[in-house]
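These notes concern the structure reproduced below.
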Number of protein chains: 4
Amino acid sequence: MPAKLSPKTRKPPRPKWRRRAEARPEEILDAALAEFTARGFEAARMEDIAKAAGLSKAAVYLYFPSKMALLEALIQAKVGPIAQRAQMLAQAGRDDPLAALRTLALAAAHTMADARVIAVPRLVIGVSGRFPEIADYYRTQVVEKARLALEALIEAGKAKGAIRDEIDVKAATRAFIGPLLFEALWTHVLRGETALAQPQNLIEQQFNILLRGLERRS
Amino acid sequence: MPAKLSPKTRKPPRPKWRRRAEARPEEILDAALAEFTARGFEAARMEDIAKAAGLSKAAVYLYFPSKMALLEALIQAKVGPIAQRAQMLAQAGRDDPLAALRTLALAAAHTMADARVIAVPRLVIGVSGRFPEIADYYRTQVVEKARLALEALIEAGKAKGAIRDEIDVKAATRAFIGPLLFEALWTHVLRGETALAQPQNLIEQQFNILLRGLERRS
Amino acid sequence: MPAKLSPKTRKPPRPKWRRRAEARPEEILDAALAEFTARGFEAARMEDIAKAAGLSKAAVYLYFPSKMALLEALIQAKVGPIAQRAQMLAQAGRDDPLAALRTLALAAAHTMADARVIAVPRLVIGVSGRFPEIADYYRTQVVEKARLALEALIEAGKAKGAIRDEIDVKAATRAFIGPLLFEALWTHVLRGETALAQPQNLIEQQFNILLRGLERRS
Amino acid sequence: MPAKLSPKTRKPPRPKWRRRAEARPEEILDAALAEFTARGFEAARMEDIAKAAGLSKAAVYLYFPSKMALLEALIQAKVGPIAQRAQMLAQAGRDDPLAALRTLALAAAHTMADARVIAVPRLVIGVSGRFPEIADYYRTQVVEKARLALEALIEAGKAKGAIRDEIDVKAATRAFIGPLLFEALWTHVLRGETALAQPQNLIEQQFNILLRGLERRS
DNA sequence: TATGAATGAGTCTTCATTCAT
DNA sequence: AATGAATGAAGACTCATTCAT
């Protein structure tokens with residue numbers, strides 16, 4: 001499933017032997033994400049990542065053959081869950097699409113209150129100039145999938161008559177994603193006063209406006 | 001005025017020596033932006049920047065004392081114009097705020113078709129982990145200002161009765177900015193199929209939805 | 001007996017545990033020779049040697065305490081046989097020394113067609129700068145012995161009247177060894193077109209010239 | 001002329017400017033040869049080479065892009081002179097080929113008394129396993145050329161009637177080179193008692209034997 | 001005996017920055 | 001104002017060697 005990027009190196013064999021060798025890749029990826037986020041991919045030092053994972057520099061190379069591989073594995077590891085969640089949520093709400101959209105938006109806003117959620121996207125934005133394949137990978141594996149799930153939901157809304165016929169589905173999708181993205185960047189990257197913490201307020205208002213723009217005048 | 005960041009070194013004094021020495025800082029900043037965008041701040045090499053600006057590595061240091069200073073100067077240089085334009089546009093449309101919003105959105109979409117426009121924001125996102133002051137600076141000097149201009153416009157719309165009273169101004173502003181941001185990142189960073197080139201289509205639909213959500217039912 | 005070099009560690013004691021544990025040191029030395037030859041002593045990796053010997057890296061250390069010890073053991077192991085063979089051949093031909101010299105040369109040429117035969121000398125040449133003791137060891141244990149055997153043979157030839165009296169024995173010996181050495185390096189190191197494969201031709205001619213230079217004018 | 005290996009990096013421009021930048025490549029190559037010879041290519045440290053050349057580690061990289069490039073440049077630099085000298089000597093003696101051969105041999109023996117002369121061949125032998133192209137390069141550019149020059153000389157001897165007709169030229173050539181090679185390795189690599197210092201003795205005897213094997217019985 | 005896991009000590013290479021001219 | 005030359009400091013990656021099992 002993880003399409004393009006180089007495959008993980010983790011070896012599958014004996015899961016019981018020494019210390020907690022099995023947990024290592026996970027720990028390393030966590031440490032790497034933290035360092036990459038804090039300093040950027042280039043400025044992050046393998047030694048710091050290793051230390052944060054409780055290992056020596058050289059040991060990291062037992063699990064990942066290079067810094068770049070670490071980046072790739074990192075993104076891959078975070079990709080699956082996100083895309084899946086988006087799809088599940090979208091499908092869950094085919095009965096009342098408008099309500100589902102609001103629920104989805106609020107859930108997303110809530111999720112995004114955790115800085116780690118945008119760590120990966122932020123990282124992708126940071127390295128996109130140097131490693132366009134990573135941008136492509138992230139677009140196709142994550143954003144595109146989330147977008148399609150959303151589109152399906154809006155399409156369902158149109159079929160049900162809850163959303164006006166002349167609404168362009170793509171446009172609506174982007175209008176939906178955009179504010180969430182802005183809020184996340186505003187909060188975690190630009191360190192502006194967050195509205196994510198009280199989704200009942202700002203975010204909800206935002207989506208009310210949007211939904212009102214979508215819905216059929218009854 | 002430029003809040004925290006280091007001062008602009010010095011204007012290279014008398015231009016008596018060689019050709020357009022006066023233009024040098026400009027050229028260097030352009031080259032730096034290009035390199036920073038293409039490779040990221042850390043990975044960009046001073047030598048490449050110098051070469052792109054038609055100078056020797058050492059000569060760059062006659063104008064900017066360090067790589068960091070280059071980054072700061074870069075951001076500062078791009079800050080003024082953007083904020084100003086936003087303010088002008090906002091004020092220009094106090095008569096028919098709704099129309100002004102649509103015009104503004106389309107103009108912004110058009111502008112953003114040029115990749116260089118998001119070069120700086122992308123850069124800011126990339127270095128925000130390492131240099132939070134830069135994120136703060138950009139937020140306060142650019143985004144905040146644009147946001148306030150927009151808020152003023154929407155406030156005006158409410159005052160004129162074009163926008164419904166119960167609309168939360170902050171929420172509306174974010175709903176306005178978000179889709180533009182998404183579109184820019186989607187196009188230039190994630191290299192998705194752009195909608196920016198034909199603003200009459202997708203972007204316009206997007207804002208139609210938003211504006212319909214804002215406007216008072218006639 | 002093996003002069004300076006470190007002692008042979010220890011014979012791996014009782015072979016009761018696994019299969020042909022007794023053969024292990026042999027296998028390891030073979031693998032080591034192959035790797036050392038292919039990459040040079042410094043560039044050869046213990047891991048590759050271990051893999052080639054069918055063991056884990058750590059297991060190699062059960063038999064040899066260090067990479068250097070491997071090198072020493074390697075050279076020692078190959079030394080005995082070669083010196084012995086030279087001596088035997090030399091003694092075998094005391095009756096007709098000239099014929100014996102030709103036979104010896106052809107046999108040597110034939111032997112040297114196998115690249116492994118010069119693997120050790122080549123290795124010695126490669127490390128001689130770094131480990132002069134190894135060069136000394138090889139000189140005294142191998143080359144010197146072979147040289148003395150040859151000298152004895154030529155001396156015998158003089159005594160029998162087959163070789164002219166005024167011939168300098170040392171000079172003749174070197175004239176004998178040199179071409180073989182050249183041919184081996186030319187073939188296996190410099191990868192030139194070999195003459196070793198058809199010893200009836202080039203090599204034989206070579207020794208004909210030499211022997212004609214040695215023999216008493218009848 | 002330097003056929004295959006990557007081209008030198010030395011820049012040709014202004015030969016007077018700063019310190020003695022122009023002499024640098026030469027100095028570095030000398031230092032590199034010394035280190036490579038003393039420790040072998042792999043074990044030699046760039047830092048030591050730099051220090052020996054009176055530079056910082058990084059400065060070496062201004063002249064040669066990598067350690068490997070240093071090795072290549074080194075071999076190339078030493079190749080031309082050697083091949084040329086061989087050719088000149090050979091051509092100089094077409095009148096009395098037998099005398100020329102003896103002169104050549106003694107000159108070669110004399111030259112080889114300097115350890116630096118076999119430094120490069122020894123290095124080539126050392127790295128030939130890892131970098132076969134280098135072995136090939138050295139074979140074609142140096143050994144082959146020297147060999148051909150010698151063959152021409154012997155051919156001339158046959159034409160003049162000084163050397164017997166049935167002598168195989170290739171065989172004679174190798175018989176000629178071999179002892180020199182042995183003597184050089186014996187002396188400088190194996191550190192045996194040298195005969196090179198008193199060429200009037202051993203070496204001369206060696207060649208007397210050889211020449212007597214070559215010459216026509218008068 | 002055998003090994004997967006781990007690491008300390010190194011080495012090449014890069015690069016922002018300085019200096020002499 | 002401008003640059004070729006030079007370097008100190010750093011970082012990715014490697015590998016012989018050790019250890020716990």
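Given the structure is predicted, the values throughout are model-derived calculations rather than measurements. Within every chain, numbering begins at 1; the chains are lettered A, B, ... in the order of the sequence lines, protein sequences first and strands thereafter.
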Quiz item: Would a 4.5 Å heavy-atom cut-off, applied to side chains only, mark Tyr63(B) and Leu70(B) as touching?
Solution: no

Practice problem: Determine whether Leu62(C) and Arg24(C) make a side-chain contact, defined as any pair of heavy atoms from C-beta on separated by less than 4.5 Å. | Solution: no

Quiz item: Rounded to the nearest 0.5 Å, how far does CZ of Phe41(A) lie from NZ of Lys67(A)?
Solution: 5.0 Å

Quiz item: Under a 4.5 Å cut-off applied to non-hydrogen side-chain atoms, are Phe36(B) and Val127(B) in contact?
Solution: no

Exercise. Would you mind listing every side chain to side chain donor-acceptor pair (under 3.5 Å) that reaches into residues 33-43 of chain A, with sequence neighbours excluded?
Key: Glu42(A)-Arg130(A)

Practice problem: Return one dot-bracket line describing DNA chain F 5' to 3' (Watson-Crick or G-U wobble pairs, both distances under 3.5 Å; ( ) same strand, [ ] crossing, | another strand, . none). | Solution: .||||||||||||||||||||

Self-check item: Atom-pair distance (CD on Glu42(C); C1' on dC15(F)), nearest Å
Solution: 12 Å

Quiz item: Contact class for Ala44(B) vs. all strands (heavy atom < 4.0 Å): base, sugar-phosphate, or nothing?
Solution: sugar-phosphate

Exercise. Check whether any side-chain nitrogen or oxygen of Tyr61(B) sits under 4.0 Å from OP1 or OP2 of dC19(E), and answer yes or no.
Key: no

Quiz prompt | Phosphate-side-chain proximity, Tyr63(D) and dA6(F), N/O vs OP1/OP2 below 4.0 Å | solution = yes

Quiz item: Closer to the 5' end of DNA chain E via nearest nucleotide, is it Ala43(B) or Met46(D)?
Solution: Met46(D)

Quiz prompt | d(CZ, Arg24(A); P, dG4(E)) in whole Å | solution = 17 Å

Quiz item: Atom NZ of Lys51(B) to atom P of dT3(F): distance rounded to whole Å?
Solution: 12 Å

Practice problem: Specify the residue among Glu47(B) and Met68(D) whose closest nucleotide of DNA chain E lies further upstream toward the 5′ end. | Solution: Met68(D)

Quiz item: With the threshold set at 4.0 Å, does a side-chain nitrogen-carboxylate oxygen contact exist between Asp48(D) and Arg45(D)?
Solution: yes

Quiz item: Between atom CZ in Arg39(B) and atom C1' in dC15(E), what is the gap in whole Å?
Solution: 14 Å

Exercise. Report the nucleotide, chosen from dA2(E), dT3(F), dA6(F), that has the shortest atom-to-atom distance to any side-chain atom of Leu62(C).
Key: dA2(E)

Quiz item: Given that Ser66(C) and Val60(D) both sit by DNA chain F, which one's nearest nucleotide is further toward the 5' end?
Solution: Val60(D)

Quiz item: Whole-Å distance between dT14(F) C1' and Lys67(D) NZ?
Solution: 13 Å

For nucleotides 8-10 of chain E, tabulate all protein N/O to nucleotide N/O atom pairs closer than 3.5 Å, reporting atom names and distance.
| from | atom 1 | to | atom 2 | distance (Å) |
| --- | --- | --- | --- | --- |
| dG10(E) | O6 | Lys57(A) | NZ | 3.1 |

